[in-house]
Structures are given as C-alpha cells and as structure tokens.
Amino acid sequence: MLDIELIRRRPDQVRAALASRGEESALEPILALDARRRDAIHQGDELRARRNQVSQEIGRSRERSPELIAEMRQVGDRIKALEDEVKGVEEELSKALLTLPNLPRADVPIGLDASANIVRRTWGQPRAYDFQPKAHWDLNDALGIIDFQRGARMSGARFVVLRGQGARLQRALITWMLDVHTQEHGYIEIYPPALVKSETLVGSSNLPKFADNLYHDAEDDLWLVPTAEVNLTAMHAGEILEPGSLPIKYAAYTPCFRKEKTAAGRDTRGIKRVHQFDKVEMYAFVEPERSDEELQKIVADAEDLLQRLGLHYRVLQLCTGDMGFPSARSYDLEVWSPGCQEWLEVSSCSNCTDFQARRAGIRFRREARSRPELVHTLNGSGLALPRIMIAILETFQQSGGSVVIPDCLRPYTGFEAIKPVEQ
RNA sequence: GGAGGGGUGGCCGAGCGGACUAUGGCGCCUGUCUUGAAAACAGGUAACACCUCAGACGUGUUCAUGGGUUCGAAUCCCAUCCCCUCCGCCA
C-alpha cells in the first residue's frame, strides 16, 4: 500500500511513477475520498469533545437536566451518522489504495514488458554435448521418476507424482537449500502453515487483486499459499520490533499452490508450470536505508546455490512494467535448460520497501524512545524446485539417458546418478 | 464436536456504569549519588487518527473483535474470534 500522505502531497510524482510501470490509475477519486474522510473525522471529533464535556457535567451535578440529556441524545445520533460516514469512506478508500502497486525505485529501467529487462550478468557456459540433449519429459520416458498420468488421474491436469529417485531428489534439494541458508547465509528456518486467512494475503498483497490465482476454501475462508512469502510477511504483522532486532532473516520451505489461470495453454508439457510445487523462500526485514543493499545479498544467496549446483544462469533486472505488484526493485535468476532450449525463471528477488510493511503493519523502533517506523521487506526464491529439477535433469543428462547428480547434493540424495529403469 | 473458565498498556495484574485523566508491580528511559556500574531515590514511560512546517500544543479513538443499551461503557446485553481446563474423536 502506498502512503496516502505521499499521494496527497505529491500526486504528480506518484502518478508519474505509476505510469512508468504501465499503471494508469486515477488518483482524483482517492484524493476526494481522503478529503471526505478527514472532514468527517474532524466533525465527529468536535462533537465527541462536546459530548464528553457535557456528560461529565451531568454526572457531577445533583439534579439531572432533561434538556441537556435530550440535546446530547441528538448529538449522539449525529456522531453515529458521522461514524458510519467515516467507516464507509474508509472502506472505499482502502479498497482503492489496495489496488495500487508499489512505486519503482528511481533508477529502475523503464519499460512496459519483459523486452525492457536488462541482463546484468551471466554465470558459466552452456555445456557442450556430443548428442542432442533431450527435454526433461523425454528423458523421463526412460527414467520414470515423474508420473504425469497418475498425477492427472488423482488430481487433474498440471499435477504430477514424483516417484523413487525423483521424489528423493526433490526432498534432497529442499533439505540442502535450507541447510545452506541456515548454516551459511544467516537465515532462521521457518515451517509455516500452508493455509492462511484472507488478511494474511492482503498483507503480502496477493489479495484483493490476485484472488483468481489462489485456491480458496469458502467454508472456513482459508487460502492455500502461493508462496511462503505470504507467511513470512505475516510473521511480524502488527508488531513493533524492538531496537536492535533488525535485520531479521527467515528461510522457509512450503508447497506452493497456484491456479495459473492466466497461463492456460502455456507450458503444458513437463513440470515447468504446475498447480502445486515446492519452493524454499528467503525473506528479510531491514531498516529502510539498508534494503537495497540487502537485496543484493539475497540475490547473491540464491546465486550461491546455482553456482554450487554448477548450473549456467543469468541475472535479469526487471524493468518497471515487468516487476511484481509489491516490488520497487526486482532481479530474476534464470537458468539455462538445454533440452527445452530456454531460460527458466528459478528465482525472483524483490525489494518491497515499505509496501507490504504498511499493509501488514510491520514497524520497528530505532531507539527505546523513538517513534515506530515501517520496516522494509525483501523476498527471494532460493529456489523454486520443479524448474531446478528440470535444469539438473537436462543439464547433467548423459548420452545413455542417465542423469549425474551434482556433488553438493550427493550426501542428501544418497545416489550419484539417476539411471534409466530396465525395460 | 460437548461442558466450563478466561482475553485489560512491552509483561504481570487490579478495576465491573460518571475524578478511569486505567491502581499497583516488573521492565524500559532520564536525572541525583558513584571513578564506572549496581543499589537506592526522584521523575518519566503506549499506539493510532485529526490539526500542524513539526514527533510542540490541542482534540478524538483504542481495555480481544464487531454490534447494541445509555446523556455517559473497560464495566451492562448480543454475536464472533482466540487461549486455557475437562470430555469425546484423532495422525
């Protein structure tokens, strides 16, 4: 959520910043609601002040005054009406404010779509093959570690079953990533619920705007999380963090659930885009002046994993129009998939500045005495599993159809290669 | 799911229609004392909104949440949520 005070004081600046990410939002209705709200609050406060004063007089005096009591009854009705007015206006105002995305940082490249993204660096080289590398679904024909048919049978399209070494590889990746983040990168491990309340999703800004991508249980009004970012934002919702408690860094593994309605028809083969996938997420709460620096650290932590795996990847800085709704600056990590012949997004790292903090009410104090200030929040995938599996399978495939497991994972998988099953 | 009990400031805990402007204690901050610290003593200790150049002054709101009764609600009534105890069920 944007600061209403900023919108009120510098509407042109806000309008321009929103336009730079392709958002043509009219601010006039918001400004009008803001004015109505303040006016109604002001009137109500004055009436309440009078009522408080008179009620005290009534309490102090011996005999009741029917005239005063009658007058106060009317004042009470007027107050009630103003309260309803404030409530209604605030509802409309917050509805409007909740649909505005974050403002990009001033030095983010301008552009309306992915074509304006900038490749900041590339690591490694594509491997050389003396055969035609296969896509992971073709490799799987011999490996038998991904069962598309049975996934569809029990759950429908875009659900898969992992089997044997495939299931073990996935579990190994999760454990390994969490171990590296907690033991070497300074994150505290969190295991959160996969079901959350509506207000939790409003805090992270998945609601109200992106409800159609979420699974929802109407009976209990609980939602399946699309990413652990949702949970980690909520960890300190409504809190005022003590001086000295920042930075706070969490890493969490969760399954992630997404309807992918908008992507219907795209990426239908393989496990690139599925309704349920696993992901380890990094998250940080920091002082505002430190957030851009912290974003570089999160990107570096994600890159560290890719380098240890030996995967060829590139770092993209997203342009204004391609960034996610809550982000003020984002970097995507894309890994090369030699079978599919494309770059796969395996991580997205963002500085959300005070945008989620304002929605979720996450503040901190610099000193014991000082006023609470909003923290800055950052998130980054570290990493998204199905696409890392794709990259590992396709990158380390051998001419005979087996896949060699990267050294760093072997203590976790307990095997050095996945071999075609005997037919 | 059933039956009871309970949710008050950073924490503990009193208050159960009008001086609550929320007692007291702990914690925290400042000061005195001290070479420094501790102890002792004194003072101060919330958030949010409106107003404002301002974190000043002022006003309002907040005693789980939302309604209601009343001139006036932490206090009375209703609903909801959460926590605890016992029973049932269960991995």
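Remember, predicted model here, so these are calculated numbers, not experimental data.
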Ion pair A/Lys87/A/Glu92, N-O distance below 4.0 Å: no
Closest to side chain of A/Ile240, choosing from B/A49, B/A47, B/C29: B/A47
Length of the line joining A/Arg50:CZ and B/C71:P, which is rounded to integer Å: 15 Å
Watson-Crick or G-U counterpart of B/G58, or none if no pair lies under 3.5 Å: B/C50
Distance, P atom - from B/C16 to B/C82, rounded to whole angstrom: 30 Å
Nearest-angstrom distance, C1' atom, B/G6 to B/U80: 16 Å
Distance-only polar pair, side chains of A/Gln170 and A/Asp278, donor-acceptor under 3.5 Å: yes
Nearest-Å distance once atom P is located in both B/C51 and B/C41: 45 Å
A/Ile58 CD1 - B/G17 C1' separation (whole Å): 14 Å
Any donor-acceptor pair under 3.5 Å from A/Gln165 side chain to A/Ala417 backbone: yes
Between C1' of B/U69 and CD1 of A/Ile79, the distance in whole Å: 16 Å
Touch class at under 4.0 angstrom, heavy-atom based, for A/Arg371 against every strand present: base
Proximity of A/His181 and A/Tyr250 rings by center, below 6.0 Å: no
Strand partner of B/C20, provided both Watson-Crick or wobble distances fall under 3.5 Å: none
A/Lys259 NZ/CZ over A/Tyr215 ring centroid, <6.0 Å and within 45° of normal: yes
Interatomic distance at C1', B/U70 relative to B/G17, whole Å: 9 Å
Trace of the side chain to side chain donor-acceptor pair (under 3.5 Å) decision for A/Ser350 with A/Ser330: CA-CA 4 Å; A/Ser350 298; A/Ser330 290; 2.7 Å; yes
Under 4.0 angstrom between A/Asn52 side-chain N/O and B/G60 OP1 or OP2: yes
Phosphate contact (B/C51 OP1 or OP2) by A/Arg38 side-chain N/O below 4.0 Å: yes
Separation of B/A49 P from A/Glu85 CD (nearest whole Å): 19 Å
Separation of atom CD in A/Glu90 from atom P in B/C48, rounded to whole Å: 15 Å
Span that lies between the C1' atom of B/G18 and that of B/U32, in whole angstrom: 41 Å
Under-4.0 Å side-chain N/O to phosphate OP1/OP2 contact, A/Lys80 with B/G68: yes
Side-chain N,O (A/Arg51) to OP1/OP2 (B/G72) below 4.0 Å: yes
For atom CD of A/Gln53 and atom P of B/G58, their distance in whole Å: 15 Å
Base-pairing assignment for B/U69 (Watson-Crick or G-U wobble, both under 3.5 Å): none
Centroid-centroid under 6.0 Å between A/Phe285 and A/Phe364 rings: no
Which nucleotide in B/A47, B/C50, B/C29 has an atom nearest any side-chain atom of A/Arg365: B/A47
Sugar-phosphate, base or nothing in reach of A/Arg37, heavy atoms under 4.0 Å: sugar-phosphate
Nucleotide opposite B/A42 in a Watson-Crick or G-U pair, distances under 3.5 Å: B/U30
B/A56 versus B/G66 - spacing of their C1' atoms, nearest Å: 36 Å
Nucleotide of B/C71, B/G55, B/A49 approaching A/Ile41 most closely (side-chain heavy atoms): B/A49
First encountered from the 5' end of RNA chain B, between A/Lys87 and A/Met72: A/Lys87
A/Ala70 vs A/Asp34, nearer the 5' end of RNA chain B by closest nucleotide: A/Asp34
Side chain of A/Ser55 - closest among B/G18, B/A49, B/G55: B/G18
Interatomic distance where CD belongs to A/Gln43 and C1' belongs to B/C51 [whole Å]: 15 Å
C1'-based separation of B/A19 from B/G72 [nearest Å]: 14 Å
A/Glu71 CD - B/C71 P separation (whole Å): 13 Å
C1' gap between B/C78 and B/C26, integer Å: 37 Å
Mate of B/C81 where both pairing distances stay under 3.5 Å, Watson-Crick or G-U: B/G7
